[in-house]
Amino acid sequence: MNRLTSALIAAALVAPSAAIAQEVTLRGVTAFATGTTFSRPFEAFVERVNETGAGVVQIEYVGGPEAVPTFELGNAVSSGIVDIANNTTAFYTNLVPLGDALHLATNTIQEQRENGCFDMIDALHQEQMNVKYLARTGDNIQFYLYLTKPISTPDLNGLTIRTTPVYRAFFETLGATLVTTAPGEVYTALERGAIDGYGWPVQGVMDLGWDEQTKYRVDPGFYQVDVNFLVNLDAWNGLSDAAKAVLEEAAIWTEAQNAENITINASEAARQAEAGIEVISFDGEVGEAYLAQAQSAGWASIEAIDAEKAAALKACLTE
Ligand code: 173
């Protein structure tokens with residue numbers, strides 16, 4: 001045994017195991033284009049982990065839909081091709097159909113952590129998708145219907161509307177003809193006149209230039225955005241306690257910033273107005289009925305999947 005080898009063995013024997021644990025690097029992919037509204041919290045999270053996790057855990061930011069197509073990202077993080085994903089439940093309903101309940105929440109992720117809902121959602125993701133549910137962004141951001149043609153009542157008969165599972169049940173009850181697309185295809189669909197409108201949150205319309213093709217936003221907004229950080233369960237289980245702690249601390253740090261969305265919503269609505277997007281507002285009883293229909297259509301589709309689990313989720317997401 002040479003001197004170097006015996007020195008290394010001696011060092012390993014006295015070193016605490018955490019000190020000799022290797023730094024782990026996770027590959028991260030986002031379902032939304034890099035730099036856009038619903039990717040930015042994940043990008044900030046990656047930066048934070050790479051600072052606080054030096055020597056313990058790092059995230060290699062691989063990219064967005066150009067790296068893994070939007071509707072494929074769920075499968076990729078489930079199988080471990082991707083270690084950590086920034087994704088919304090609407091893009092992986094093939095794996096966690098009940099995930100659609102998350103955007104029907106009326107409380108915050110902080111309240112869901114407090115009342116046990118977080119653990120239920122995490123268990124659902126672990127069992128059905130083989131991922132650890134790490135964090136939720138998007139609280140306080142509502143979804144809207146955007147149009148290229150005016151309507152005077154909440155009746156979408158004769159209109160073709162771009163959807164995802166978020167809006168599907170609700171827009172169906174309003175009579176729309178629906179086309180499902182990833183966000184990356186909305187601009188072209190509008191430009192070609194293939195759609196008369198689309199569902200999207202209040203934030204992010206200007207990110208991809210959709211304002212150029214959008215004439216109206218229909219108020220009020222409904223539901224609440226969920227964009228979640230998911231870690232492949234095998235990768236998660238293989239992490240040291242120290243690495244898990246780095247990721248969980250950064251998750252809580254990210255979720256604390258959800259409160260800022262209330263101010264951002266107002267400035268985004270103002271920017272839409274400046275860009276020439278007019279508001280069609282359903283007020284009073286019509287507005288109330290519109291919102292009630294959004295809720296009842298949304299929950300009916302969750303109940304049709306599993307009535308018992310739907311009831312448990314509804315109790316803790318809307319308490
Ligand atoms: O409209 C969508 O693509 C969608 O479902 C969604 C979900 C969360 C944030 C932004 C968009």
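Order of listing sets the numbers, starting from 1, for every ligand and every atom in it.
- Nearest heavy-atom pair across Gln126 and Lys132 is NE2-CD, 3.9 Å.
- How far CZ of Phe282 is from CG of Asp219: 10.0 Å, rounded to the nearest 0.5 Å.
- Looking at Tyr198 against ligand 1, nothing comes within 4.0 Å, counting heavy atoms.
- Between atom CZ of residue Phe71 and atom OG1 of residue Thr180 there is a gap of 6.5 Å, rounded to the nearest 0.5 Å.
- Ring geometry for Tyr198 versus Trp210: interplanar angle over 60°, hence perpendicular rather than tilted (30 to 60°).
- In this structure, Tyr223 and His103 have tilted ring planes: the angle between them lies in the 30° to 60° band.
- Here the protein heavy atom with the shortest distance to atom 11 (C) of ligand 1 is Trp200 CZ3, 3.5 Å.
- Heavy atoms of Arg162 found under 4.0 angstrom from ligand 1 belong exclusively to the side chain.
- Given atom 6 (C) of ligand 1, the protein heavy atom at minimum distance is Phe143 CE2, 4.0 Å.
- The ligand atoms of ligand 1 that sit less than 4.0 angstrom from a heavy atom of Val166 are 5 (O).
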Starting from the C-alpha separation in whole Å, work towards a yes-or-no answer on side-chain contact (heavy atoms from CB on, under 4.5 Å) for Phe170 and Tyr290.
-> CA-CA 9 Å; Phe170 178 37; Tyr290 181 79; 3.6 Å; yes

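- Heavy atoms of Tyr167 approach ligand 1 to within less than 4.0 angstrom.
- At a heavy-atom cutoff of 4.0 Å, ligand 1 is contacted by no atom of Pro165, backbone or side chain.
- Near Gly199, the atoms of ligand 1 lying under 4.0 angstrom from a non-hydrogen atom of the residue are 1 (O).
- Aromatic pair Tyr216/Tyr146: ring centres not closer than 6.0 Å.
- Within the listing of ligand 1, atoms 3 (O) sit less than 4.0 angstrom from a heavy atom of Pro183.
- Under the 30°/60° scheme for interplanar angles, the aromatic rings of His125 and Tyr133 are found to be tilted.
- Taking atom 8 (C) of ligand 1 as the reference point, the nearest protein heavy-atom neighbour is Thr88 OG1, 3.7 Å.
- Ranking protein heavy atoms by distance to atom 5 (O) of ligand 1, first place goes to Thr164 OG1, 2.8 Å.
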